[in-house]
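Below is one structure; the comments refer to it alone.
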Amino acid sequence: MGGWAIAVHGGAGVDPNLPLHRQEEAKKLLTRCLNLGISALNSNLPAIDVVELVVRELETDPLFNSGRGSALTEKGTVEMEASIMEGTKRKYGAVSGVTTVKNPVSLARLVMEKSPHSYLAFAGAEDFARQQGVELAENDYFITQDNVEMLNLAKEANAILFDYRIPTTALDSSCAAEVDNPMLMNGLPISVYAPE
Amino acid sequence: TVGCVVVDKEGRCAAATSTGGLMNKRSGRIGDSPIIGAGTYACNLCGVSCTGEGEAILRATLAREVAAVMEYKGLRLQEAVDFVIKDRLDEGKAGLIAVSTNGEVAYGFNASGMFRGCATEDGFMEVGIWE
């Protein structure tokens with residue numbers, strides 16, 4: 001039997017020209033979440049509690065695409081989804097289409113432990129959230145200015161973007177590459193598109 | 001999309017994934033993150049959390065695939081991760097993190113970069129974005 005191990009992620013598909021300061025912000029958040037998980041593991045918390053604890057932290061911080069800071073639908077709203085699974089008995093819980101739940105991963109865990117089901121979505125998930133008394137917020141709590149700008153870019157390009165974090169329009173010095181190579185497609189920096 | 005995978009001192013694995021989905025997605029669209037076996041999976045061998053193009057991850061049942069090749073092909077964790085990223089995604093772009101019940105940690109991605117961090121009890125710790 002080995003010791004404990006932990007890994008976290010904040011999304012794949014990163015714009016190669018992401019400004020350095022945003023790269024540092026991301027690394028700081030990842031390190032903070034790792035340390036949160038490590039101290040929980042050293043206090044003998046079970047794995048299921050640790051993954052929930054760490055993902056809640058990631059949902060609450062607006063930097064990555066989840067919880068506050070979630071990507072926006074074509075209507076400019078937020079529809080979040082999450083799941084959690086524990087390996088020993090392979091129990092799991094999942095939610096989709098939640099719009100007011102501050103920590104969707106905790107609602108997913110309640111589905112696993114407090115309901116006869118494994119997956120609740122949209123209105124059913126929202127009703128269950130109210131029954132369970134989880135923390136709620138208006139939909140605009142989850143919407144950040146960065147993502148409103150990203151949505152506008154995506155609409156201009158008539159594109160669907162996954163976890164790209166493209167720099168805000170005011171390019172700063174560390175985006176020199178972009179300025180030197182302003183190759184655009186549909187008015188967007190070419191780096192926004194998934195490599196073909 | 002964000003995720004966390006953990007194996008504790010008792011060898012129990014767990015995985016969790018949470019997301020807002022795709023920017024400019026249609027209302028009602030469901031991705032891989034809440035679908036067990038696609039974006040999230042945990043069993044008595046490993047715990048896996050995926051991110052990237054949800055539709056590709058769904059078609060590949062990517063998270064379960066890692067456990068399956070460990071179970072049926074006897075691959076170690078990093079071999080299993082490398083195999084599914086290389087051979088199961090077709091043209092899709094994705095990344096994943098994984099832990100195994102014997103305390104290993106692994107990740108892999110074919111997209112341009114993945115925000116990730118990992119640590120083990122023997123003191124190893126790494127935070128990165130690029131290859």
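Values below: all heavy atoms of this structure, side chains included; hydrogens, waters and symmetry mates excluded. Throughout, protein chains are lettered first and strands after them, A, B, ... in sequence-line order, and every chain is numbered starting at 1. What you see is a predicted model, and the numbers here were worked out from it, not measured in a lab.
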query: So, do B:Glu10 and A:Pro46 sit near enough that their side-chain heavy atoms are less than 4.5 Å apart?
result: no

message: When you group the ILVMFWY residues by side-chain heavy-atom contacts below 4.5 Å and let the links chain together, are A:Phe122 and A:Leu136 in the same group?
response: no

Structural part of B:Val7 lying under 4.5 Å from a heavy atom of chain A: both

Smallest separation among heavy atoms of B:Ala119 and A:Leu34, with atom names: N-CD2, 4.3 Å

- request: Measure the CH2-CG distance between A:Trp4 and B:Asp122 for me, rounded to the nearest 0.5 Å.
  value: 8.0 Å

task: Determine whether more than 12 heavy atoms belonging to other residues, nucleotides or ligands lie under 6.0 Å from atom CZ of B:Phe124.
output: yes

field: Reported OH-to-CD1 distance for the pair A:Tyr92 and B:Ile35, which is rounded to 0.5 angstrom
entry: 7.0 Å

query: Any chain of hydrophobic side-chain contacts (each under 4.5 Å) joining B:Ile129 to B:Ile97?
result: no

- request: Using a 4.5 Å cut-off on heavy atoms from C-beta on, say whether the side chain of A:Val55 contacts that of B:Val2.
  value: yes

message: For B:Thr40 versus A:Ser83, what's the shortest heavy-atom pair and its separation?
response: OG1-OG, 2.7 Å

- request: Give, as side chain, backbone, both or neither, the part of B:Tyr107 having an atom under 4.5 angstrom from any heavy atom of chain A.
  value: neither

- line: Max heavy-atom pairs within cutoff under 4.5 Å with chain A, candidates B:Lys25, B:Met114, B:Arg26, B:Arg116, goes to B:Lys25

message: For residues A:Leu45 and B:Val99: do they belong to one hydrophobic cluster (side chain heavy atoms under 4.5 Å, members Ile, Leu, Val, Met, Phe, Trp, Tyr)?
response: no

query: Does one side chain, of B:Ser18 or A:Glu59, offer a donor that lies under 3.5 Å from an acceptor on the other?
result: yes

statement: If one checks every heavy atom of B:Cys50 against chain A at 4.5 Å, the contacting part turns out to be backbone

task: Heavy-atom distances under 4.5 Å only: say whether A:Val78 touches chain B with side chain, backbone, both or neither.
output: neither

- prompt: Got more than 12 heavy atoms from elsewhere within 6.0 Å of CZ, A:Arg130?
  reply: yes

- prompt: Going from CD1 on A:Ile48 to CZ on B:Arg12, what distance comes out if it is rounded to the nearest 0.5 angstrom?
  reply: 10.0 Å

task: Indicate yes or no: at least one non-hydrogen side-chain atom of B:Phe109 is less than 4.5 angstrom from one of A:Val14.
output: no

query: Of the listed residues (A:Leu53, A:Asp49, A:Thr31, A:Leu29), which shares the most heavy-atom pairs with chain B below a 4.5 Å separation?
result: A:Thr31

message: For a quick test of reading the model, state the closest non-hydrogen atom pair linking A:His9 to B:Ser49 and the distance between them.
response: NE2-OG, 2.9 Å

- prompt: A:Lys27 and B:Phe115: side-chain contact (heavy atoms from CB on, under 4.5 Å), yes or no, with the steps?
  reply: CA-CA 8 Å; A:Lys27 287 182 179 176; B:Phe115 296 113; over 6 Å; no

query: Given that the side chain runs from C-beta out, which part of A:Val95 has a heavy atom under 4.5 Å from chain B: side chain, backbone, both or neither?
result: backbone

- request: Sort out for me which of B:Ala14, B:Pro34, B:Ala16, B:Cys118 touches chain A most, counting heavy-atom pairs under 4.5 Å.
  value: B:Pro34

- prompt: For A:Phe64 and B:Thr51, what are the C-alpha separation, side-chain angles and deciding distance, and is it a side-chain contact (heavy atoms from CB on, under 4.5 Å)?
  reply: CA-CA 12 Å; A:Phe64 292 133; B:Thr51 174; over 6 Å; no

A:Lys155, NZ: over 12 other non-hydrogen atoms inside 6.0 angstrom: yes

message: Would you say B:Ser27 and A:Glu79 are linked by a side-chain donor-acceptor pair, where the criterion is simply a distance under 3.5 Å?
response: yes

message: Is it the case that atom CD in B:Glu79 sees more than 12 heavy atoms from other parts of the structure closer than 6.0 Å?
response: yes

field: Exercise: identify the closest heavy-atom pair between A:Ala71 and B:Met23
entry: CB-N, 3.7 Å

message: To the nearest 0.5 Å, what is the distance between CE on A:Met150 and CG on B:Asn24?
response: 10.5 Å

- prompt: B:Cys4 versus A:Ile6: any side-chain heavy-atom pair under 4.5 Å?
  reply: yes

query: Please walk me through it: do B:Thr19 and A:Met80 pass side-chain contact (heavy atoms from CB on, under 4.5 Å)?
result: CA-CA 6 Å; B:Thr19 188; A:Met80 301 169 282; over 6 Å; no

- prompt: Which atom names give the shortest non-hydrogen contact between A:Asp15 and B:Trp130, and what distance separates them?
  reply: O-CH2, 3.5 Å

field: Closest contact, heavy atoms only, A:Ala5 versus B:Val105
entry: CB-CB, 4.3 Å

statement: Rounded to the nearest 0.5 Å, the CG atom of A:Leu58 sits from the OG1 atom of B:Thr1 at a distance of 11.5 Å

message: So A:Ile38 and B:Met125, do their side chains get closer than 4.5 Å, heavy atoms only?
response: yes

query: Heavy-atom distance under 4.5 Å to chain A: side chain of B:Glu126, backbone, both or neither?
result: backbone

Top contributor to chain B contacts, counting heavy-atom pairs under 4.5 Å, from A:Ala47, A:Ala94, A:Ser70: A:Ala47

- request: Establish whether B:Ile36 and B:Ile57 are linked, either directly or via other cluster members, by ILVMFWY side-chain heavy-atom contacts under 4.5 Å.
  value: no

message: Less than 4.5 Å apart, side chain to side chain, heavy atoms only: is that true for B:Asp8 and A:Leu41?
response: yes

